Protein chains: 2
Amino acid sequence: MATIKDIAKLLDISVSAVSMALNDSHEIGEKTKIKVREAAKQLNYVRNGSAIDLQRKKTNVVLLITDNPTRPYFTDSLTVVQNELMMKNIDLVIITANDKHRGTAERFISENRADAVICMSKFISDEFVNLYANKSMPIFVMGRAPELIANEYAVNVALDYERVGEDITEYLIAKGHRKIAFVKGSKTSVGTSYRYKGYLRTLKRFQLTLDKELIFEARGSDYDHGYGITEKIIGKIASGQVEAIFYATDDLAVGGLQKLLENGIAVPEDVSIVGYNNYPISRMVTPPITTVDLHQQKIMRRVAKSLIAMVEGSKTKTDVVKKLQKDAIFQSEIIERGSVKNRE
Amino acid sequence: MATIKDIAKLLDISVSAVSMALNDSHEIGEKTKIKVREAAKQLNYVRNGSAIDLQRKKTNVVLLITDNPTRPYFTDSLTVVQNELMMKNIDLVIITANDKHRGTAERFISENRADAVICMSKFISDEFVNLYANKSMPIFVMGRAPELIANEYAVNVALDYERVGEDITEYLIAKGHRKIAFVKGSKTSVGTSYRYKGYLRTLKRFQLTLDKELIFEARGSDYDHGYGITEKIIGKIASGQVEAIFYATDDLAVGGLQKLLENGIAVPEDVSIVGYNNYPISRMVTPPITTVDLHQQKIMRRVAKSLIAMVEGSKTKTDVVKKLQKDAIFQSEIIERGSVKNRE
DNA sequence: TTGTATGCGTTATCAC
DNA sequence: GTGATAACGCATACAA
């Protein structure tokens, strides 16, 4: 591997001259620049990132940590963050952290291999975040309970959990449904449990009695779990005990839909269903599923902007959090499609 | 930021001692190790990855480049590669490279920020790969035409393109279909174009005449394209001109299915359809779609193993390629589900 | 405009 | 078992 030293030697000029030429410094002659570039090409020179980072005391990279990059909400977030960072010429690298592997993410954080991190995985513990968030590496965490982060350089991006789950329940009620079942997802998901609470609050607000038999617990939040748990709901639809099903996620709803159709239950004629999150798949099935869009992209755009402000040093956490909250019109929006019947 | 120098100063011992202690070297006293660790904690010491990489002339990371981490085949690949690398304690980082942004990927490659790369994105050009693949950074590329890579340290992992597309066409024919439409996907996708060729070969082999009116070109390979293009097929189903549709990808098929159902066309009663790739979504719709599994995971496991062998220096490219080819039982498998009717 | 010197944080090779 | 010291490849303040 050729280094700038080799170039300097070949051209018989100083290393610093080479360095500056390569960085297109204004204080270097045009002819030297050309010579240097040619020599670089000739020697097959490639820059050494580690050396640059070491010297600059900056890596120019932002870490995006996720438990599973396949989830649609992740891509949405990714695209937005990517775009924001691209404008500042900051590199984005994605690292996974899940139940069976979080070493890489932790190592990248603890070894200062980034300038900032956005953590969308719940498998990096609160303790870890609190321990390592740092002026030279602020950490933004998402999807956790609001109270657990206590570090000047850790920002907990919390959704507007107050209203979550109420919107769509109200909607079902407005459409004339009274017997609304709820399908819970993964126990470790903060989002789905808040939706459940919103569902409960709304029933109460409308003075509907809560039928405990209409609460179903899936083991997880995915398609298969929705498919499986719906087995238990089928009988109650036939008997008129269930008019609508609120699945905590779109994936659950899609799985449920398939099970219903297989059993000759028409949606929405025999039962209405709704999901949550507005995942692409929710519109790809027949009938397309009415769901709720959390406007994750808006949120992520704000997160990215805040992060950049912190990395650039112009803002402190307090500023950033204040702005995030002020902008927090994280209003969810109901996406009406074909899976809910008007019973009135 | 505290460094090992600070620790050394605090404890009044040498930096090298600190370094060795931190790395749990056998040639350092147990008591010193303890002292050092305590001091480290006290000073809030964190290692500096750049400095380590610079010194070790190794980064311990493998780059996985993708155009879109949401695609199901990517997750499959990811999981497998992740597992293999985990066993060797190698870090995996994911970087996206697509039409609008490939700077980060190229920078990471050209600046030696990894020990090896697996490139699943077609947006890193063949020229770039040929230019930068290198003993200290071998590059494995996937999903490209076989002939374009000519570099001792670049490995082109090509599927068994010979057979691709023939399998499922044969299957449709065996089920009694004769009028088989084909829906092409994105023009830039190597995979889908090979499937098309396989389809053509198979028709010929069975001496079925090719009806050019049954070839449809979608602008891309996604759900929406499938939905859109199917508009044009509907009439030909009614008129008996089409008995089956071979969509080049599952996403296309899912989109097409929805359009068909919306138009009151029953699948598979009125028309059979098949997809390709065995994406999860293909089994989540009703009826579930018959498709082809490429066994991407098997391939990726082999790629990962080969890569590790090269990184560890035990194998040259020639060895690796030979082994990959020898192992290349990349046989695709037809996944029978409910979208094909037996017409015989 | 160019060169010199120094340092970034770490590891490794020697001595002791 | 521990301590100096020289790298690693690069950038930059300062001198020329």
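None of the values given here were measured: they were computed from a predicted structure. Letters A, B, ... mirror the listed sequences (proteins, then strands); counts begin at 1.
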**Prompt:** With sequence neighbours excluded, what pairs up with B/S14 under the side-chain hydrogen bond (donor to acceptor under 3.5 Å, both in side chains) test?
**Reply:**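 So B/S14 forms a side-chain hydrogen bond (donor to acceptor under 3.5 Å, both in side chains) with B/S16.
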**Asked** What pairs with A/T32 under side-chain hydrogen bond (donor to acceptor under 3.5 Å, both in side chains), at least two apart in sequence or on another chain?
**Response**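 Testing A/T32 for side-chain hydrogen bond (donor to acceptor under 3.5 Å, both in side chains), a comparison that skips the adjacent residues, returns none.
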**Asked** Taking DNA chain D as the partner, which of residues 27-49 of chain B come within under 4.0 angstrom of it by heavy atom?
**Response**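 DNA chain D contact set from residues 27-49 of chain B: B/E27, B/I28, B/G29, B/T32.
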Test item: [X] and [Y] side chains (from C-beta on) under 4.5 Å apart, heavy atoms:
| X | Y | answer |
| --- | --- | --- |
| B/K33 | B/R37 | yes |
| B/L92 | B/V81 | yes |
| A/V155 | A/S306 | no |
| B/V46 | A/M137 | no |
| A/I65 | A/I109 | yes |

**Message:** Show every ring-ring contact (aromatic ring centres under 6.0 Å, His included) that has at least one partner inside residues 102-139 of chain A, sequence neighbours left out.
**Reply:**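 Listed by first then second residue: A/F128-A/Y132.
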Which pairs pass salt bridge (Lys or Arg N to Asp or Glu O under 4.0 Å) with one or both residues in [range], sequence neighbours excluded?
| range | answer |
| --- | --- |
| residues 78-87 of chain A | A/E84-A/R301, A/E84-A/K305 |
| residues 48-62 of chain B | A/R113-B/D53 |
| residues 93-105 of chain B | B/R102-B/E106 |

**Asked** To the nearest 10 degrees, how far apart in direction are the end axes of the helix from C/dT1-D/dA16 to C/dC16-D/dG1, each fit to five base pairs?
**Response**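 Between the first-five-pair axis and the last-five-pair axis there is 40°.
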**Residue that, paired with B/C119, satisfies side chain to side chain contact (heavy atoms under 4.5 Å, CB included) out of B/I124, B/L63, B/I95** =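 Among B/I124, B/L63, B/I95, the one meeting side chain to side chain contact (heavy atoms under 4.5 Å, CB included) with B/C119 is B/I124.
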**Request:** Please confirm whether the backbone N or O of A/N130 pairs with a side-chain atom of A/N151, one donor and one acceptor, at under 3.5 Å?
**Result:**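 Indeed, once roles are kept as given, a pair shorter than 3.5 Å links the two residues.
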**Message:** Whether the side chain of B/D6 engages the backbone of B/T3 through a donor-acceptor N/O pair (distance < 3.5 Å, no angle test) should be reported.
**Reply:**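 Flag set: sc B/D6 to bb B/T3 pair under 3.5 Å.
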**Request:** Describe the nucleic acid contact of B/I52 in one word from base, sugar-phosphate, nothing, applying a heavy-atom distance below 4.0 Å.
**Result:**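 Sugar-phosphate only.
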**Request:** Please list, in 5' to 3' order, the outermost nucleotides of DNA chain C lying under 4.0 Å from any heavy atom of chain A.
**Result:**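 First-to-last contact on DNA chain C, by the 4.0 Å heavy-atom rule, is C/dT1 to C/dG9.
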Collect all protein-nucleotide pairs involving nucleotides 3-6 of chain D in which both atoms are nitrogen or oxygen and the distance is under 3.5 Å.
{"residue": "D/dG3", "atom": "OP2", "partner": "B/S14", "partner atom": "N", "Å": "2.9"}
{"residue": "D/dG3", "atom": "OP2", "partner": "B/S14", "partner atom": "OG", "Å": "3.3"}
{"residue": "D/dG3", "atom": "N7", "partner": "B/S16", "partner atom": "OG", "Å": "3.2"}
{"residue": "D/dA4", "atom": "N6", "partner": "B/S16", "partner atom": "OG", "Å": "2.9"}

**Asked** Rounded to whole angstroms, how far apart are CG on B/D53 and C1' on D/dG9?
**Response**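 B/D53 atom CG is separated from D/dG9 atom C1' by 13 Å.
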**Asked** Counting only non-hydrogen atoms, which of residues 2-11 of chain B are less than 4.0 Å from DNA chain C?
**Response**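 Heavy-atom contacts with DNA chain C come from B/T3, B/I4, B/K5.
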**Request:** Provide the full list of side chain to side chain donor-acceptor pair (under 3.5 Å) pairs with a residue in residues 60-70 of chain B, sequence neighbours left out, each pair given once.
**Result:**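 Listed by first then second residue: A/T75-B/T70, B/N68-B/T70.
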